[in-house]
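Single-structure report; data block below.
Whatever order the structure lists ligands and atoms in, that order sets their numbers, starting from 1. Small disclaimer: the values here were computed from a predicted structure and weren't measured.
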Amino acid sequence: MTPDRTDADAPILVIGRTGQLARALAAQNDAVTACGRDQFDLAQHDPAALLDHHRPRIVINAAAYTDVNGAENDELAAHALNCTGPARLAAACKARDVGFLHVSTDYVFDGTPGQAPYAETAATNPLNVYARTKHEGEQAILDANDTALILRAAWIFDARGGSFLNAILNRLDQGQPLKVVDDQISTPSWAPDLAQALLTLAARTKRPSGVFHYKGGDYASWYDFARAAAELARPHLNCEPVIEAVDSSAFPQAAERPKDTRLDAQALLDAAGIDAGDWRAGLPEVIAQRYEQRIG
Ligand SMILES: NC(=O)C1=CN([C@@H]2O[C@H](COP(=O)(O)OP(=O)(O)OC[C@H]3O[C@@H](n4cnc5c(N)ncnc54)[C@H](OP(=O)(O)O)[C@@H]3O)[C@@H](O)[C@H]2O)C=CC1
Ligand SMILES: Cc1cn([C@H]2C[C@H](O)[C@@H](COP(=O)(O)OP(=O)(O)O[C@H]3O[C@@H](C)C(=O)[C@@H](O)[C@H]3O)O2)c(=O)[nH]c1=O
């Protein structure tokens with residue numbers, strides 16, 4: 001007869017496998033079991049069997065519907081993945097006394113100039129379907145599980161995936177000039193920095209619950225961020241990067257984006273000792289990975 005597994009052996013179960021955050025979580029901790037949508041469809045599957053099979057000590061939900069423009073015409077799917085599924089998972093965790101960490105977004109705020117930096121207590125007002133479904137998800141999770149911790153982050157980036165960073169680098173690689181908005185400001189977050197914050201929280205036996213803000217470093221506009229990336233990519237490009245700063249009105253899209261969603265993350269520091277990340281330190285690593293290992 002094999003002895004019962006101790007709590008220390010229990011995995012950290014991450015929902016999502018190929019996403020930016022899911023990869024970063026798996027890369028940083030051998031105890032992570034990352035579960036792709038082929039194994040567990042968060043929008044559809046009952047999490048009971050998954051939890052009873054893995055018997056994790058904690059679940060980190062890194063899965064979401066993240067296509068902000070796409071969500072405008074796909075609200076049901078976005079709602080299932082960003083709200084109903086995470087709430088079902090949160091309830092199943094609560095029933096088994098398993099910790100639950102979830103990630104939400106700066107886009108829950110409307111970004112009206114003069115309001116930021118936002119504390120957790122600030123009024124929310126999502127401007128688009130993605131943000132609305134994420135906001136509804138926050139509430140549904142907390143209703144289902146009063147020990148859940150939700151970390152709101154902003155502008156996650158890494159070397160892979162369909163992020164803003166890869167979109168602009170793909171264009172610069174092709175020698176195309178860019179127009180980038182300079183009237184949307186927030187805190188870029190390097191996926192490994194955010195993963196480290198989540199894993200620090202996961203390791204705690206006592207953890208705060210509720211909503212907290214995570215800050216990925218100093219504030220920037222998308223234009224500032226694009227300029228910083230282009231400067232680092234410059235030695236790898238065939239021609240000088242050309243980036244023009246424009247207003248959001250010059251870049252019309254299906255979903256409206258908030259203007260200024262700078263997050264105040266003092267509460268996370270006070271409650272859990274977790275400080276801001278440093279996206280400016282992460283960006284050179286991402287650029288090196290992209291051009292030296294040809295990831296993109
Ligand atoms: N990207 C950003 O800028 C920001 C993201 N966030 C939030 O952070 C979290 C992580 O985002 P990020 O890593 O960028 O996301 P990505 O878009 O990189 O990855 C999405 C993940 O969702 C998983 N997924 C998609 N559909 C399903 C499904 N039906 N069932 C199970 N899993 C599914 C994917 O699974 P698979 O591995 O199988 O492909 C993938 O791992 C999300 O909650 C997002 O809302 C918050 C702020 C900013
Ligand atoms: C590619 C590109 C985008 N933009 C603009 C469009 C948009 O207003 C802004 C950001 O671009 P994207 O649409 O790629 O980013 P977006 O999908 O809005 O990013 C958001 O994703 C979700 C998941 C989040 O939770 C948010 O925190 C945030 O990271 O930059 C340009 O101005 N020039 C460009 O070349």
Quiz item: Are R280 and D218 close enough for a salt bridge, meaning some N to O gap below 4.0 Å?
Solution: yes
Exercise. Indicate the ring-plane relationship of W155 and W222, choosing parallel, tilted or perpendicular according to the 30° and 60° boundaries.
Key: parallel
Self-check item: Atoms in ligand 2 with a heavy atom of D106 nearer than 4.0 Å
Solution: 26 (C), 27 (O)
Exercise. Could you find the nearest protein heavy atom to atom 7 (C) of ligand 2 and give me its residue, atom name and distance?
Key: Q253 NE2, 3.3 Å
Practice problem: Output the distance between atom CG (D260) and atom CD1 (I185), rounded to the nearest 0.5 Å. | Solution: 4.5 Å
Exercise. Looking only at protein heavy atoms, identify the closest one to atom 19 (O) of ligand 2 and say how far it is in Å.
Key: Y107 OH, 3.6 Å
Quiz item: Any idea which part of V68 is under 4.0 Å from ligand 2, heavy-atom wise: side chain, backbone, both or neither?
Solution: side chain
Quiz item: Under 30°, 30 to 60°, or over 60°: which ring-plane class applies to F225 and F164, parallel, tilted or perpendicular?
Solution: parallel
Exercise. Give a yes or no answer on whether the side chain of D247 reaches the backbone of A250 with a donor-acceptor pair at less than 3.5 Å.
Key: no
Exercise. Give the atoms of ligand 2, by number and element, whose distance to some non-hydrogen atom of Q184 is under 4.0 Å.
Key: 7 (C), 8 (O), 9 (C)
Quiz item: In terms of residue, atom name and distance, what is the protein heavy atom nearest to atom 18 (O) of ligand 1?
Solution: Q20 N, 2.9 Å
Quiz prompt | Option from E138, E120, H102 for which side-chain hydrogen bond (donor to acceptor under 3.5 Å, both in side chains) with R152 holds | solution = E138
Practice problem: Just go through F225, F164, W155 and tell me whose heavy atom is the nearest to atom 14 (O) of ligand 2. | Solution: F164
Practice problem: For the pair R234 and E240, find out whether any cationic side-chain nitrogen is under 4.0 Å from an anionic carboxylate oxygen. | Solution: yes
Exercise. Using modelled atom types only, decide if a donor and an acceptor are shared between the side chain of N145 and the backbone of A91 within a distance under 3.5 Å.
Key: no
Quiz prompt | Reference residue I60; test side chain to side chain contact (heavy atoms under 4.5 Å, CB included); the match among L199, L13, L151 | solution = L199
Self-check item: Lys/Arg-Asp/Glu bridge criterion (N-O < 4.0 Å) met for K215, D264
Solution: no
Quiz prompt | Nearest neighbour in protein (non-hydrogen) for atom 5 (C) of ligand 2 | solution = V181 CG2, 3.9 Å
Quiz item: Which bit of L81 is near ligand 1, meaning a heavy atom under 4.0 Å away: side chain, backbone, both or neither?
Solution: side chain
Quiz item: Taking atom 20 (C) of ligand 1 as the point of reference, which of G16, A64, G137, A154 owns the nearest heavy atom?
Solution: A64
Quiz item: Which residue supplies the protein heavy atom nearest to atom 47 (C) of ligand 1, what is that atom called, and how far is it?
Solution: A153 O, 3.2 Å
Exercise. Identify the protein heavy atom lying closest to atom 19 (O) of ligand 1, giving its residue, its atom name and the separation to 0.1 Å.
Key: G19 CA, 3.2 Å
Quiz item: Distance only, no hydrogens: is a donor on one side chain within 3.5 Å (strictly under) of an acceptor on the other, for Q174 and N170?
Solution: no
Quiz item: Which ligand 2 atoms does K179 reach within 4.0 Å, using its non-hydrogen atoms?
Solution: 31 (C), 32 (O), 33 (N), 34 (C), 35 (O)
Quiz item: For ligand 2, is Y223 a contact, meaning one of its heavy atoms is under 4.0 Å away?
Solution: no
Practice problem: Could you tell me whether R96 and D52 have a side-chain N and a carboxylate O separated by less than 4.0 Å? | Solution: yes
Exercise. If you have a sec, work out which protein heavy atom is nearest atom 1 (C) of ligand 2 and how many Å separate them, to one decimal?
Key: A167 CB, 4.0 Å
Practice problem: Give the contacting part of Q44 toward ligand 1: side chain, backbone, both or neither, where contact means a heavy-atom distance below 4.0 Å. | Solution: neither
Quiz prompt | Side chain, backbone, both or neither: the part of Y65 lying under 4.0 Å from ligand 1 by heavy atom | solution = neither
Self-check item: Nearest non-hydrogen protein atom, atom 29 (N) of ligand 1
Solution: D41 OD1, 2.8 Å
Quiz prompt | D193 (side chain) donor-acceptor with D278 (main chain) under 3.5 angstrom | solution = yes
Practice problem: Quick one: look up the protein heavy atom nearest atom 13 (O) of ligand 2 and list residue, atom name and how far away it is. | Solution: R257 NH2, 2.8 Å
Self-check item: Short N or O distance, I156 and ligand 1, threshold 3.5 Å exclusive
Solution: yes
Exercise. Step by step, work out the side-chain hydrogen bond (donor to acceptor under 3.5 Å, both in side chains) result for D74 and Y65.
Key: CA-CA 10 Å; D74 204 9; Y65 190 115; 2.7 Å; yes
Self-check item: Main-chain N/O of D41 paired with H45 side-chain donor or acceptor, under 3.5 Å
Solution: yes
Quiz item: In terms of residue, atom name and distance, what is the protein heavy atom nearest to atom 35 (O) of ligand 2?
Solution: R171 NH1, 3.1 Å
Quiz item: Which bit of S104 is near ligand 1, meaning a heavy atom under 4.0 Å away: side chain, backbone, both or neither?
Solution: backbone
Practice problem: May I ask you to decide whether D146 forms a salt bridge with K94, counting only side-chain N to carboxylate O separations under 4.0 Å? | Solution: yes
Quiz item: Is the closest heavy atom of K134 to ligand 2 under 4.0 Å?
Solution: no
Quiz prompt | Test item: side-chain donor near acceptor, H135 and T124, under 3.5 Å | solution = yes
Quiz prompt | Under 3.5 Å donor-acceptor, E72 side chain and V129 backbone | solution = yes
Quiz item: Strictly by modelled atom types, are D182 and S221 linked by a side-chain donor-acceptor pair under 3.5 Å?
Solution: no
Quiz item: With respect to atom 45 (O) of ligand 1, which of F157, Y214, Y130 exhibits the smallest heavy-atom separation?
Solution: Y130
Quiz prompt | Pair D173 + R290, salt bridge at N-O below 4.0 Å | solution = yes
Practice problem: Compute the shortest N/O to N/O distance between T105 and ligand 1 and return yes if it is under 3.5 Å, no if not. | Solution: no
Quiz item: Does ligand 2 have an atom under 4.0 Å from some heavy atom of A154?
Solution: yes
Quiz item: For ligand 2, which atoms sit closer than 4.0 Å to a heavy atom of Y130?
Solution: 22 (C), 23 (C), 24 (C), 25 (O)
Quiz prompt | Proximal ligand 2 atoms for T105, defined as those under 4.0 Å from one of its heavy atoms | solution = 24 (C), 25 (O), 26 (C), 27 (O)
Practice problem: Please state which part of L42 comes within less than 4.0 Å of ligand 1, counting heavy atoms only: side chain, backbone, both or neither. | Solution: both
Exercise. Examine the proximity of ligand 2 to F251 and report which part, side chain or backbone, both or neither, has a heavy atom under 4.0 Å away.
Key: side chain
Exercise. If you have a sec, work out which protein heavy atom is nearest atom 15 (O) of ligand 1 and how many Å separate them, to one decimal?
Key: T66 CG2, 3.6 Å
Quiz prompt | Residue and atom name of the nearest protein heavy atom (relative to atom 38 (O) of ligand 1), distance in Å to one decimal | solution = R37 N, 2.8 Å
Exercise. Report the nearest protein non-hydrogen atom to atom 37 (O) of ligand 1: residue, atom name, distance rounded to 0.1 Å.
Key: T18 N, 2.5 Å
Self-check item: Distance from atom 7 (C) of ligand 1 to nearest protein heavy atom, with residue and atom
Solution: V103 CG1, 3.8 Å
Exercise. Pick one of side chain, backbone, both or neither for how W222 approaches ligand 2, counting any non-hydrogen atom pair under 4.0 Å.
Key: side chain
Quiz prompt | Location of contacts on W155 toward ligand 1, heavy atoms closer than 4.0 Å | solution = backbone
Quiz item: Should D106 be counted as touching ligand 1, given the test is an N or O pair under 3.5 Å?
Solution: no
